[in-house]
Protein chains: 2
Amino acid sequence: MNQYLAVLKNCTLFREVNPSELKEILNRMKSKIVSYPTEAIIAGEGENCDHIGIILAGEIEIQKIYSSGKTVTMARFQAGNIFGEAIIFSKQHFYPGTVVSRSATKILFLHKTAVIALCRNYPPVLESFMKLLSERILMLNKKITELSLGTIRQKICFFLLEEYKKQKSPLIKLTMSKETLAEHMGIQRPSLSRELIKMREEGLIDFKKKYITIKNLKQLEESLLE
Amino acid sequence: MNQYLAVLKNCTLFREVNPSELKEILNRMKSKIVSYPTEAIIAGEGENCDHIGIILAGEIEIQKIYSSGKTVTMARFQAGNIFGEAIIFSKQHFYPGTVVSRSATKILFLHKTAVIALCRNYPPVLESFMKLLSERILMLNKKITELSLGTIRQKICFFLLEEYKKQKSPLIKLTMSKETLAEHMGIQRPSLSRELIKMREEGLIDFKKKYITIKNLKQLEESLLE
DNA sequence: GTATTTATGTAACAAATGTTACGAATTAAA
DNA sequence: TTTAATTCGTAACATTTGTTACATAAATAC
């Protein structure tokens, strides 16, 4: 077990734990380490999930496999990553996809009861676990906000207002090409260009080279909320 | 404090706690109860959040207030609900919006440290807290999946495939009007009609009254993944 | 059964966005 | 400075979805 100290030390769950305490934890906690060859099925979609997995070596994916044969990768994890942490405490705790090893893999499995014991006995672990889940929620909230933007104009307004807050100025400096910006917004570059020009013609913004100037902040907000 | 026993008993955090234990918890935990009149600002956007709030009475909203004066309600909470639970453990723990009372309100505030102590001493509370966060993550994941569907056809395919799984039959019985279904999908009813007819003409489905028959499951999946 | 109300299909048109192609402008390299 | 490469604006056309209006079908009420 000590051979994985370095990986576990970097695992988000144990990051706030001091080295001697980590050793103690490793000695006390009830876990099992399983090795998988490449392309092994670690767990099937719909199977009960009552352990978290910490990847000690290798790489895995959670895949959605359709009856048509198509496979979509939902998530990918490597050494030091945890999977299953949001599932074990949920009401219906089943895997949302098939867990597959992409290379020779070693996984440390911790049963839910062991996780609970760990959290109770080691407050840094409890906090880290809560933080892991909380940061995930905040990240998902952000993504939903972005995905909820309907029109190209709304996406541009959202972007500009966020940058205005970040850069603390109506003069926004772009750190990427318009093509890349369009990609991040999930739209086509010529469409982005078209809408930017329209907004300039309407007097909301001006732009030149790597800069966009906000000329009508209020109208940007109103367009965002439409 | 005992006067709020009924509300707290129904609070998701204490639902798995037995009555005598709940009394003990209430006596031991360090908390403060604050009363607010209607339309009072409980916390401002960007303010530090290091307490969770449990609503004992009344109703609050988290609002996004724009400089243009417009207000968007992000979330609403009533007696028994908890707010801030995903924030206190996050890296940057500030309120994402302004917390406002919509009526005369009493809130029980629990500092992060008290929450940690509670979780350590009462495993049912720990589990409930984890479950709260976990269920939220699963719900947000689901919402992202739905919001990621681009075209009307993809939305229909997704819906039909989910119902196929639920109803275990290619004969899908609709439990709502097509107008309501369109609303849930975030599209217009005539547009839904149009696409359903197109899909029928292409041989993917058939429909009559309250039933849709899946005729080409494989093609539905392929359309979903485009 | 009849009358009324609601749901649905459908057509026509409008609006928004994607796609393709190419020239102009800008940036990078020699 | 010149040349090459990349980025961007723009036009034309295609596709998708929204919107409006109205007729028909289905469901509900009496």
Side-chain angles (χ1 to χ4, degrees), chain A residues 145-160 163 171-215 219-226, chain B residues 145-160 163 171-215 219-226:
Chain A
T145 298
E146 283 163 8
L147 282 169
S148 298
L149 300 167
T151 61
I152 293 181
R153 179 162 293 204
Q154 282 174 324
K155 290 176 201 268
I156 293 172
C157 290
F158 182 74
F159 168 76
L160 291 176
E163 286 302 306
L171 183 66
I172 311 293
K173 172 167 182 166
L174 301 180
T175 56
M176 66 188 89
S177 73
K178 287 201 183 133
E179 169 122 42
T180 303
L181 183 57
E183 264 176 44
H184 286 181
M185 289 181 179
I187 61 180
Q188 302 301 311
R189 179 195 59 78
S191 306
L192 172 62
S193 241
R194 172 169 53 201
E195 195 63 34
L196 283 173
I197 289 162
K198 261 173 45 192
M199 289 169 76
R200 184 172 60 186
E201 283 166 356
E202 290 171 29
L204 300 202
I205 62 172
D206 198 10
F207 61 90
K208 186 175 178 128
K209 290 188 182 181
K210 283 288 196 186
Y211 293 89
I212 298 181
T213 307
I214 294 174
K215 298 177 67 176
Q219 185 58 46
L220 287 201
E221 285 181 348
E222 295 187 358
S223 297
L224 177 62
L225 300 178
E226 268 165 8
Chain B
T145 298
E146 283 163 8
L147 282 169
S148 298
L149 300 167
T151 60
I152 294 181
R153 180 161 294 203
Q154 282 174 325
K155 291 176 202 268
I156 293 171
C157 289
F158 182 75
F159 169 77
L160 290 176
E163 287 301 306
L171 184 66
I172 310 295
K173 173 168 181 166
L174 301 181
T175 55
M176 65 188 89
S177 71
K178 287 204 180 130
E179 170 125 43
T180 304
L181 183 58
E183 265 176 44
H184 285 182
M185 289 181 180
I187 60 180
Q188 301 300 312
R189 178 196 61 78
S191 306
L192 173 62
S193 240
R194 172 170 53 200
E195 196 63 31
L196 283 173
I197 289 162
K198 261 173 48 191
M199 290 169 75
R200 183 173 62 185
E201 282 166 358
E202 289 172 30
L204 300 201
I205 61 172
D206 198 9
F207 60 90
K208 184 170 183 141
K209 291 189 180 177
K210 284 287 198 186
Y211 294 88
I212 298 181
T213 307
I214 294 175
K215 298 177 68 175
Q219 187 57 47
L220 286 201
E221 284 181 349
E222 293 187 359
S223 296
L224 177 62
L225 300 178
E226 269 165 5

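All values reported here derive from a predicted model rather than from experimental measurement. Chain identifiers are assigned alphabetically (A, B, ...) following the order of the sequence lines, protein sequences preceding nucleic acid strands; residue numbering begins at 1 within each chain.
- Spacing between atom CZ of A/Arg194 and atom C1' of D/dG9 amounts to 12 Å, rounded to whole angstrom units.
- Judged by closest nucleotide on DNA chain C, B/Leu196 is the one of A/Thr151 and B/Leu196 placed further toward the 5' end.
- For B/Ile156 and D/dT17, the CD1 to C1' distance is 12 Å, given to the nearest whole Å.
- Residue B/Ser177 has its side chain nearest to C/dT8 when only C/dT8, D/dC8, C/dT19 are considered.
- Whole-Å rounding puts the B/Glu183 CD to C/dT8 C1' distance at 15 Å.
- Looking at B/Thr213 and B/Ile172, their side chains never come closer than 4.5 Å, going by heavy atoms from C-beta outward.
- Side chains of A/Ser148 and A/Thr145: a donor-acceptor N/O pair is absent below 3.5 angstrom, by distance only.
- Rounded to whole angstrom, the span from the CD atom of B/Glu201 across to the P atom of C/dG9 amounts to 12 Å.
- Counted within 6.0 Å of NZ on B/Lys173, heavy atoms from surrounding residues, nucleotides or ligands total 12 or fewer; the atom is thus considered open.
- Distance B/Leu174 CG to D/dA27 P: 12 Å, rounded to the nearest Å.
- A/Leu160 places a side-chain heavy atom less than 4.5 Å from the side chain of A/Ile205.
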Return a single string for nucleotides 24-29 of chain C, one symbol per nucleotide in 5' to 3' order, where B is base contact, S is sugar-phosphate-only contact and - is none, cutoff 4.0 angstrom on heavy atoms. ---S--

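- Rounding to the nearest 0.5 angstrom, the gap separating the CG atom in B/Leu196 from the CD atom in B/Glu201 is 11.0 Å.
- With distances taken from any side-chain atom of B/Ile187 to the nucleotides D/dA21, D/dG18, D/dC8, the minimum falls on D/dG18.
- Here the side chain of B/Phe207 is nearest to one of D/dG9, D/dC8, C/dG9, namely C/dG9.
- With the nearest nucleotide of DNA chain C identified for both A/Arg189 and A/Gly150, A/Gly150 has the one nearer the 5' end.
- Residue A/Met185 contributes atom CE, which lies 12 Å from atom P of C/dT17 at whole-angstrom precision.
- Counting all heavy atoms, side chain and backbone alike, B/Leu224 lies closest to B/Gln154 at O-NE2, 3.4 Å.
- Closest to the side chain of B/Ile197, out of C/dT10, D/dT17, D/dA11, is C/dT10.
- A heavy-atom distance below 4.5 Å is not found between the side chains of B/Tyr211 and B/Leu174.
- Taking atom CG on A/Leu192 and atom P on C/dT19, their separation rounds to 15 Å, with Å as the unit.
- At whole-Å resolution of the value, CD in B/Glu195 and C1' in C/dG9 are 15 Å apart.
- Taking side-chain N and O atoms only, B/Ser191 has no distance below 4.0 Å to OP1 or OP2 of D/dT17.
- OP1 and OP2 of C/dT17 both lie 4.0 Å or more from every side-chain N or O belonging to A/Gln188.
- Considering only side-chain atoms of B/Pro190, the nucleotide from C/dG9, D/dT20, D/dC8 that sits closest is D/dT20.
- Taking the side chain of A/Lys178 as heavy atoms from C-beta on, and the options C/dG9, D/dA12, D/dG9, the nearest nucleotide is D/dG9.
- Among residues at least two apart or in separate chains, salt bridge (Lys or Arg N to Asp or Glu O under 4.0 Å) pairs with a member in residues 184-195 of chain A are A/Arg153-A/Glu195, A/Glu195-A/Lys198.
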